[in-house]
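In what follows, chains carry the letters A, B, and so on, assigned in the order in which the sequence lines appear, proteins first and then strands, with residues in each chain numbered from 1.
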Protein chains: 2
Amino acid sequence: MKQITKYVIKNSLKRIFLYRACLVRLKRMGVEKVFSFTLGHETGVSAAQVRKDFSEFGIKGNKRGGYEIDELLTIMENIFHKNKDHNIVLIGMGNMGQSLSKYSRFIQRNMNIVATFDIDPFKQKMRSEIQVYPMNRLKEIIERFRVKVAIIAVTEISAQEVADELIRHGIMGIVNFAPVLLKVPQNIVVNNVNLCDELESVIYIVHNNMKADSFKNIELLYKDMRY
Amino acid sequence: MKQITKYVIKNSLKRIFLYRACLVRLKRMGVEKVFSFTLGHETGVSAAQVRKDFSEFGIKGNKRGGYEIDELLTIMENIFHKNKDHNIVLIGMGNMGQSLSKYSRFIQRNMNIVATFDIDPFKQKMRSEIQVYPMNRLKEIIERFRVKVAIIAVTEISAQEVADELIRHGIMGIVNFAPVLLKVPQNIVVNNVNLCDELESVIYIVHNNMKADSFKNIELLYKDMRY
DNA sequence: CGTATTTTGTGATTTGTTTCACATCAAATA
DNA sequence: TATTTGATGTGAAACAAATCACAAAATACG
């Protein structure tokens, strides 16, 4: 059954990413051990939360000794299957697609965009580090590189169609930059990234803070008047 | 006090964005009224959740009659201050920055990138729809356009420094694409967008689902053996 | 070697979020 | 106009996530 599946990415998983980034930084600085307190402090998380998260992912430390950074990173690599490479395809070589295809951090983290696709033959001729293929070669490439995850960066209108085709050819996970909720079978993972919403929510909070601030002032004033 | 502030963007707010996008679509299709059930169904949310969210944002419908789409959209515009334009600055005209500067959806939603900045004089000469300024003109531009929100798309190394400067000149909210946790005063809103993490979390879930699936098969097998 | 100290790991508790269930109201109908 | 119908709005209940608090373990130190 096709439907809007909600693979909510758990906060604990997001925090694990935070921890990892922080650990990498600490390691570069020459630090070898951390306590839950330190790691929490650096990532804006309570020490207990760090330990609970670790416990959820089956990570054990040393009583009194804290956690060995190298050891932690190795465990995390295993959790995230960083020992193997991950082949990705990217559909849509418009503005955002092109930028994503050049995004070097993906490679640094063993995620390789092995091929990009576009319906526009002009974009296919474009000189780009990664080959741009026409859509009819999707199946072939996905199979050849055993691709399981795709990035959709096409327009709102064609996103659903592209998703359907990807899934037909064996894609199991999608990062979707198009502002539509994709209808997919239950077992397919979809992560929607909506840049407008990200920006807009900041604007919203900033505005409301400013309003809240003015209320705060009124309250303060009131207190001053009473005492 | 500077610290890692956690302005967690509430799920209810994210859902309001979902509802709005859906309402816009329904409106385009000629629909005039929705029930919480319909809207929920289209966005993958329960009807009760829709009503609770609306209640949180002070949105009232008509008993029995559901919600007038036009009315809803007007209320949401007010909530998100869509009556006014919002001026944004963008720092860092590398790969991601350039792409964001051309991202047309921002404009469609009344969010205008009024100026972009880069340290690199070469990028400043680059032909681009939006003027690229050197960093020393930040203060001037922020003040002239009364900018309150900024996008950071610089490297990991300079992100904190840039954030400090932005805040010094009156920026109250930041969407941060650099993979660092910015340390900012309490009242500053930061929304981190980490594209690697978005992709990586999908890979993680896909992998674990596949593992879970194989377990499921074992379970099924077991059942078959028993009955 | 025993005691003090410090940090983990995890039940118990609190806090927050989602769902349930139903009173309430507005429209439709007779 | 009275009655039925059907959707909202919201306390109460169930569920989920985060914090607290402390036993257990490992190290340091006398």
Please determine whether a side-chain nitrogen of the Lys or Arg among Arg15(B) and Glu56(B) lies less than 4.0 Å from a carboxylate oxygen of the Asp or Glu.
no

NZ/NE/NH1/NH2 to OD/OE distance under 4.0 Å, Lys2(A) and Asp164(A)
yes

Identify all pairs in which a protein N or O lies below 3.5 Å from an N or O of nucleotides 26-30 of chain C, and state each distance.
{"unit_1": "dA27(C)", "atom_1": "N3", "unit_2": "Arg64(B)", "atom_2": "NH1", "d": "3.4"}

Run through Ile171(A), Val162(A), Asn192(A) and flag the one making a side chain to side chain contact (heavy atoms under 4.5 Å, CB included) with Ile152(A).
Val162(A)

Fit a plane to each ring of His41(A) and Phe37(A), take the angle between them on a 0 to 90° scale, and name the class: parallel (under 30°), tilted (30 to 60°) or perpendicular (over 60°).
parallel

Ring geometry between His81(B) and His86(B) (parallel below 30°, tilted from 30 to 60°, perpendicular above 60°):
perpendicular

Once you round it to whole Å, what is the distance between P of dT8(C) and OH of Tyr19(A)?
12 Å

Below 4.0 angstrom from OP1 or OP2 of dA25(D), is there any side-chain N or O of Lys60(A)?
no

Atom-pair distance (CD on Glu68(A); P on dA26(D)), nearest Å:
15 Å

Between its two end axes (five pairs each) the helix from dC1(C)-dG30(D) to dA30(C)-dT1(D) turns, nearest 10 degrees, through 0°

Distances under 3.5 Å between protein N/O atoms and the N/O atoms of nucleotides 16-20 of chain D, please, pair by pair.
{"unit_1": "dA18(D)", "atom_1": "OP1", "unit_2": "Arg15(A)", "atom_2": "NH1", "d": "3.2"}
{"unit_1": "dA18(D)", "atom_1": "OP2", "unit_2": "Arg15(A)", "atom_2": "NH2", "d": "3.2"}
{"unit_1": "dT19(D)", "atom_1": "OP2", "unit_2": "Ser46(A)", "atom_2": "OG", "d": "3.2"}
{"unit_1": "dT19(D)", "atom_1": "OP2", "unit_2": "Gln49(A)", "atom_2": "OE1", "d": "3.3"}
{"unit_1": "dT19(D)", "atom_1": "O4", "unit_2": "Lys52(A)", "atom_2": "NZ", "d": "2.9"}

Show the numbers, then the answer: is there a salt bridge (Lys or Arg N to Asp or Glu O under 4.0 Å) between Asp70(A) and Lys27(A)?
CA-CA 8 Å; Asp70(A) 271 326; Lys27(A) 187 183 166 164; 2.8 Å; yes

Round to a whole Å and report the spacing from CZ of Phe35(A) to P of dT6(C).
10 Å

Donor-acceptor pair between Glu198(B) and Asn194(B) side chains, under 3.5 angstrom
no

Among Val190(B), Ile4(B), Val189(B), Leu166(B), find the residue that satisfies the side chain to side chain contact (heavy atoms under 4.5 Å, CB included) test when tested with Val184(B).
Val190(B)

Taking the basic N atoms (NZ, or NE/NH1/NH2) and the acidic carboxylate oxygens, is any pair closer than 4.0 Å for Arg20(A) and Glu77(A)?
no

Regarding Tyr67(A), tell me which of base, sugar-phosphate or nothing describes its non-hydrogen contacts under 4.0 Å with the strands shown.
sugar-phosphate

Can you tell me how the ring of Tyr67(A) sits relative to the ring of Phe54(A), calling it parallel under 30°, perpendicular over 60° and tilted otherwise?
perpendicular

From CG (Asp53(A)) to CG (Asn11(A)), nearest 0.5 Å
9.0 Å

Check the phosphate of dT10(D) against Ser55(B), side-chain N and O only, distance under 4.0 Å to OP1 or OP2. Yes or no?
yes

Starting at atom NZ of Lys33(A), determine the distance to atom P of dA26(D), rounded to an integer number of angstrom.
14 Å

Taken to the nearest whole Å, CZ/Phe54(A) to P/dT7(C) is 16 Å

